[in-house]
Undergrad: 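Below is one structure. I have some questions about it.
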Protein chains: 2
Amino acid sequence: MDICKTVATIYNNCYMSTNNKELFELSLRRRGFSITSQRHMVFKELIGQEPLSMRELYERLRGQVDRASLYRIISVFEKSGVVVRIPVGWKYKLELSEAFNYHHHHITCIKCNRVIPIEEDETVERLIKEVSEKHAILPFAHQLEIQGFCRACRPADS
Amino acid sequence: MDICKTVATIYNNCYMSTNNKELFELSLRRRGFSITSQRHMVFKELIGQEPLSMRELYERLRGQVDRASLYRIISVFEKSGVVVRIPVGWKYKLELSEAFNYHHHHITCIKCNRVIPIEEDETVERLIKEVSEKHAILPFAHQLEIQGFCRACRPADS
DNA sequence: CTGCTTGCAAATCTTTTGCATTGAA
DNA sequence: TTCAATGCAAAAGATTTGCAAGCAG
């Protein structure tokens, strides 16, 4: 085990020792799902991470959680409001929902593929509200994704 | 052939007879791609349709375009700016880009799954501009998706 | 205990690739 | 004529399912 892994473990334990863990367990119980060690492992793997694809998540849990179980667990997590899927290019990635990981949006750099989080913004909220009223809908969730050049990759002439 | 199919064909022909067809061909040529009958078929199948998944598009072109070719054609269309992928739930769907199908966003009803288009709005444009300036990025494209209850499915008590 | 979860294996679905043939320019 | 595009077959990758065994409540 290398130093990075160790630091990550300590980091995760810090999070897990707060009431994030209780909230996680409550979220599952509320929906009638049970708490298992695999579900804990998956949850911990998502804490403090940038959005991960199924494959990345699976790699990180190799030998600890079966692939089929992982899919089933993610499905349970979605139903419980623990994780959300965010569209990235043609695929999607997974991250903890706003309850664990304050709600935000993303900018993806089309050159270096870096994902820059945008904090939930009063502007975005207002927009959703306006649009919803105009169409007489009751908003439940929303995603905003922007693609462009990040500061570093920005062409010189702009 | 049923009446719906016939109407759809006439409808598509109307579109194709306008300069949409020229724009389509120009878009491909501009990028050095050639015009083929399969590409025409795929393009026509997308005209005036709500967003389609790969599978739906393939079904509609059964026997006319090979599956592998369809994927290659869609890839070419994306590079040429003819189609865009929009995230819908865990998957994505395809629709003609704003040049053929004015740029807009979508609201998906979480009950009946209807997709309601939102016209490109001055509010949305302003939001993208503000956020981009704040993060010093150069925006290239963006997607906004909202999920909620549509007018019809809206619970009575809200 | 009992029923929900998991792991394993296999099925299914989606997307990509290699290659010989066809067709656009 | 020449090179890009297509169809076919097969590979690769992603997701789902059936079922027996294991574990949480």
Undergrad: Tell me if the centroids of the rings in A:F24 and A:F77 come within less than 6.0 Å of each other.
TA: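 Close enough - the centres of the two rings lie under 6.0 Å apart.
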Undergrad: On DNA chain D, does the nearest nucleotide to B:Q64 precede the nearest nucleotide to A:D66 from the 5' side, or the other way round? Give the residue.
TA: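 That would be B:Q64.
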Undergrad: Give the minimum heavy-atom separation between A:L70 and A:V65, together with the two atoms involved.
TA: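 Closest approach of A:L70 to A:V65, heavy atoms only: N-CG1, 4.0 Å.
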Undergrad: Let me know the distance between CD1 of A:I73 and P of D:dT17, rounded to the nearest Å.
TA: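 Spelled out: CD1 on A:I73 to P on D:dT17 is 16 Å.
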Undergrad: Which distance, rounded to the nearest 0.5 Å, do you find between the CG of A:L57 and the CD of A:E95?
TA: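 It comes to 12.5 Å.
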Undergrad: How is A:Y92 classified with respect to the nucleic acid when contacts are heavy atoms under 4.0 Å: base, sugar-phosphate, or nothing?
TA: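 Here A:Y92 touches the backbone only, sparing every base.
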Undergrad: How about B:T36 and B:R39: do any of their side-chain heavy atoms sit closer than 4.5 Å?
TA: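 Yes. Closest side-chain heavy atoms under 4.5 Å.
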Undergrad: Can you tell me the distance, in whole Å, between the CG atom of B:L70 and the C1' atom of D:dA5?
TA: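 The distance from CG of B:L70 to C1' of D:dA5 comes to 14 Å, rounded to the nearest Å.
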Undergrad: Whole angstroms only, please: what is the CD-P distance between B:Q38 and D:dC8?
TA: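 Atom-to-atom, B:Q38 to D:dC8, this comes out as 11 Å.
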Undergrad: So does B:V82 get a backbone contact from the side chain of B:S27, meaning a donor-acceptor N/O pair under 3.5 Å?
TA: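 Side chain of B:S27 to backbone of B:V82: no pair is present.
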Undergrad: With the threshold set at 4.0 Å, does a side-chain nitrogen-carboxylate oxygen contact exist between A:E25 and A:R29?
TA: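 Looking at A:R29 together with A:E25, the answer is yes, because their closest N to O distance falls below 4.0 Å.
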Undergrad: Is there a side-chain contact between B:E78 and B:V84, using heavy atoms and a 4.5 Å cut-off?
TA: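 Side chain of B:E78 against side chain of B:V84, heavy atoms only: no contact under 4.5 Å found.
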Undergrad: Between B:A68 and A:V76, which is nearer to the 5' end of DNA chain C once each is assigned its nearest nucleotide?
TA: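 Checking each residue's closest nucleotide, the 5'-ward one belongs to A:V76.
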Undergrad: Enumerate, in order of first residue number, the stems that involve DNA chain C, defined as 3 or more consecutive Watson-Crick or G-U wobble pairs with both distances under 3.5 Å.
TA: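 C:1-25 with D:1-25 - these are the stems of 3 or more pairs that involve DNA chain C.
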Undergrad: With heavy atoms under 4.0 Å as the rule, sort A:R39 into base, sugar-phosphate or nothing.
TA: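 Since only primed, P, OP1 and OP2 atoms lie under 4.0 Å of A:R39, the category is sugar-phosphate.
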Undergrad: Extract, from 5' to 3' on DNA chain C, the first and final nucleotides lying under 4.0 angstrom from some heavy atom of chain B.
TA: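 First-to-last contact on DNA chain C, by the 4.0 Å heavy-atom rule, is C:dC13 to C:dA25.
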Undergrad: Between A:R67 and A:R62 (side chain of the first, backbone of the second, donor and acceptor by atom type, cut-off under 3.5 Å), is there such a pair?
TA: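 Here the side-chain-to-backbone pair does not exist.
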Undergrad: Kindly give the atom pairs (protein nitrogen or oxygen, nucleotide nitrogen or oxygen) under 3.5 Å for nucleotides 19-25 of chain D.
TA:
unit_1, atom_1, unit_2, atom_2, d
D:dA24, O3', A:I35, O, 3.4

Undergrad: Report the distance from atom CG of B:L28 to atom C1' of D:dA5, rounded to the nearest whole Å.
TA: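 Those two atoms, CG and C1', are 12 Å apart.
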Undergrad: Check the distance between D:dA14's P and A:M54's CE and give it to me in whole angstrom.
TA: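 It works out to 11 Å between those atoms.
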Undergrad: Could you check whether A:R60 pairs with A:E56 (Lys NZ or Arg NE/NH1/NH2 to Asp/Glu carboxylate O, under 4.0 Å)?
TA: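 Looking at A:E56 together with A:R60, the answer is no, because their closest N to O distance does not fall below 4.0 Å.
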Undergrad: Rounded to the nearest 0.5 Å, how far does OG of B:S53 lie from OH of B:Y92?
TA: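 Nearest 0.5 Å value for the OH-OG distance: 8.5 Å.
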Undergrad: Regarding A:R55, tell me which of base, sugar-phosphate or nothing describes its non-hydrogen contacts under 4.0 Å with the strands shown.
TA: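 Counting heavy atoms under 4.0 Å across all strands, the contact made by A:R55 is with sugar-phosphate only.
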Undergrad: As a quick check of understanding, evaluate salt bridge (Lys or Arg N to Asp or Glu O under 4.0 Å) for A:K129 and A:E133, giving each step before the final call.
TA: CA-CA 6 Å; A:K129 191 153 171 288; A:E133 279 169 6; 3.6 Å; yes
